[in-house]
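Since the structure is predicted, the reported quantities are computational estimates derived from the model, not experimental observations.
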Number of protein chains: 2
Amino acid sequence: MNISMKSRYAVRALTELARREEIAPGKPVRLGDIAESRDIPLQFLEQVFAALRRGGVVRSRRGAAGGYALARPAAEISVLEVVAALDGVPSPAECTQGLCERVDGCGASSVWIEAQQAVEKVLGGTTIGDLLTREDALRGRAPMYHI
Amino acid sequence: MNISMKSRYAVRALTELARREEIAPGKPVRLGDIAESRDIPLQFLEQVFAALRRGGVVRSRRGAAGGYALARPAAEISVLEVVAALDGVPSPAECTQGLCERVDGCGASSVWIEAQQAVEKVLGGTTIGDLLTREDALRGRAPMYHI
DNA sequence: GCATTTCCGATAATTCCAGTCAAGAATAGG
DNA sequence: CCTATTCTTGACTGGAATTATCGGAAATGC
């Protein structure tokens, strides 16, 4: 399974969300703002965040002055979690999910499993907080201390 | 980019090809035999092997008593090479291929790049010969010494 | 020449993806 | 209560990719 636009938009949007929460803590952020500043189609982003909410990544508040907030600190939300909520756990082949009927006698499945584990390790070891820090560095700003 | 059926068929088929070459060295193997023993649609396998030939993974001989042979020893053909010939180099997101227009300021691309490198390392470090050995072990056979 | 087998291009069925549309429900503020 | 705002949900669509299938052409061994 590949990593779709949904997941990529999500990671970008969550980084922006984390940034805005840092500036104005406790205040829900409107999707419209995120969509605009990161150049993401709003209505598509709505789908994405609905899935993120169901996945326990963000909290929402409806109505006027509503919006989204991270369910946990940015440093505790891994990229793997985000991808899993939108595309499922990324695996290069179905073999890795026990769907391969010829597990016995098919030495190939082991490669796909190892590849999947490698991806999980990378994505699971990186958090939205990390990305925010990297982004600060790329933009040449003084990095804030992300809690 | 994900790893499609083409690549998975290819890896299975190449393992079978390696096995048969080991038994009868120098003799081209018919696709029909591989398709039958590994339960792969023949005409689809033809497409796959045409791409493998163009990618320099296998050699072919046409006509009666023709067939396919590995272009190099099985221990020198990496899974990555096979996948690259069929699906392109597997990357979780296009960002990793320089197509991301906002590389500056997008801290996210680094994650996808790291994930891709992790996959490449696993797939590049495993050869068809390795898979043949693993398959022997799974089948409980005495493993041959694969050159 | 004939059977065999790779080679090649066109085509079709299905599924997936990215994005849009539209109606509905909750909330804040007046 | 009323209204504007914002999330919530599901259906829908156009296009692309995937997974084949079909038919024949070219090469080779006998």
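For the atom pair CG (A/Leu45) and CD (A/Glu36), the distance works out to 12.5 Å, reported to the nearest 0.5 Å. Interatomic distance, OH of B/Tyr68 versus CZ of B/Arg30, reported as 14.0 Å (0.5 Å rounding).
Distance A/Phe49 CZ to D/dT8 P: 11 Å, rounded to the nearest Å. As rounded to whole Å, 12 Å separates atom C1' of C/dA3 from atom CZ of B/Arg30. The distance from atom CG of A/Leu17 to atom P of D/dC7 is 11 Å, rounded to the nearest whole Å. Going from atom NZ of B/Lys27 over to atom C1' of D/dG29 covers 14 Å, rounded to whole Å. The CG-C1' distance, from A/Leu86 to C/dC17, rounds to 13 Å in whole Å. Computed from coordinates, the A/Leu45 CG to C/dG19 C1' distance equals 12 Å when rounded to whole Å. Between the CD atom of B/Gln43 and the P atom of C/dA10 there is a distance of 17 Å, rounded to whole Å. Nucleotide D/dT19 holds its P atom 13 Å from the CD1 atom of B/Ile40, rounded to whole Å.
With sequence neighbours excluded, no residue satisfies salt bridge (Lys or Arg N to Asp or Glu O under 4.0 Å) with B/Glu120.
Judged by distance alone with a 3.5 Å cut-off, a donor-acceptor contact links the side chain of B/Glu46 to the base of C/dC7.
No engagement by B/Gly32 is indicated, since no non-hydrogen atom pair under 4.0 Å with the nucleic acid exists.
The phosphate of D/dT6 (OP1 or OP2) has no side-chain N or O of A/Arg53 nearer than 4.0 angstrom. The phosphate of D/dT18 (OP1 or OP2) has no side-chain N or O of B/Arg8 nearer than 4.0 angstrom. Checking the phosphate oxygens (OP1, OP2) of C/dC16, no side-chain nitrogen or oxygen of A/Ser4 falls inside 4.0 Å. A close approach under 4.0 Å does occur between a side-chain nitrogen or oxygen of A/Tyr9 and OP1 or OP2 of C/dG19.
Position along DNA chain C of the nearest nucleotide to A/Pro41 versus B/Ala64 favours B/Ala64 as the more 5'-ward residue. Taking for each of A/Gln47 and B/Tyr68 the nucleotide of DNA chain C with the nearest heavy atom, the 5'-most of the two is the partner of B/Tyr68.
When side chains are defined from C-beta on, A/Leu131 does not count as touching A/Glu135, because their heavy atoms never get closer than 4.5 Å. Residues A/Val111 and B/Arg134 meet the side-chain proximity criterion, which asks for heavy atoms closer than 4.5 Å.
Ionic pairing of B/Glu16 and B/Arg20 is present here: one or more N-O contacts between side-chain nitrogen and carboxylate oxygen are shorter than 4.0 angstrom.
Minimum atom distance to the side chain of A/Arg62 is reached by D/dC7, of the listed C/dG19, D/dT21, D/dC7.
Between B/Leu14 and the choices B/Leu70, B/Leu132, B/Val48, B/Val79, the side-chain contact (heavy atoms from CB on, under 4.5 Å) rule is met once, by B/Leu70.
Within residues 54-61 of chain B, no residue approaches DNA chain D, by heavy-atom distance under 4.0 Å.
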